[in-house]
Amino acid sequence: MLELICTTRIFDNDSSLSSPIRRVRVIVLADQLCRNLIDDVSSLWGRSGLKFKCGRTVLQGNKTFDEQGVENGAEIVVTGGRG
């Protein structure tokens, strides 16, 4: 199991939020496809077309976290998207 933090600034222009950075803690299996995380976070934030990066690696939905070198405690930065 991996515990990750997804962070984003895509809500910067939303004046109803007190903090420009939104964070969500997620727990995933290392051998799970990244598509599940991408779909769940996109749905949670009500956005589509998001890009998920771990360090310099753009996560691909058809690969596992393990295959892409994502380690426990990593930060996933989420950018882009349409509301």
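Here, residue 1 is the first one in the sequence, and each next residue gets the next number. The figures that follow rest on heavy atoms only: side chains count, while hydrogens, waters and symmetry mates do not.
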Hey, could you give me the [atom1]/[atom2] distance between [X] and [Y], rounded to the nearest 0.5 Å?
X: L37; Y: S42; atom1: CG; atom2: OG; value: 8.5 Å
X: M1; Y: F65; atom1: CE; atom2: CZ; value: 13.5 Å
X: Q60; Y: R35; atom1: CD; atom2: CZ; value: 10.0 Å

Test side chain to side chain contact (heavy atoms under 4.5 Å, CB included) applied to L44 - qualifying residues, sequence neighbours left out | V24
Sequence neighbours left out, what passes side chain to side chain contact (heavy atoms under 4.5 Å, CB included) with N72? Give chain and number order.
-> L2, E3
Are [X] and [Y] close enough that some pair of their side-chain heavy atoms sits under 4.5 Å apart?
X: C54; Y: Q68; result: no
X: N36; Y: V28; result: no
X: C34; Y: V70; result: no

If Ile, Leu, Val, Met, Phe, Trp and Tyr residues are connected whenever their side-chain heavy atoms lie under 4.5 Å apart, and connections chain through other members, are L33 and L50 in the same group?
-> no
What heavy-atom pair brings [X] and [Y] nearest, and what distance separates the two atoms?
X: G73; Y: L4; answer: N-CD2, 4.4 Å
X: G80; Y: I10; answer: O-CG2, 3.2 Å
X: W45; Y: T7; answer: CH2-C, 4.5 Å

Quick one: salt bridge (charged side-chain N to carboxylate O under 4.0 Å, His left out) pairs with a partner in residues 64-81, sequence neighbours left out?
-> none
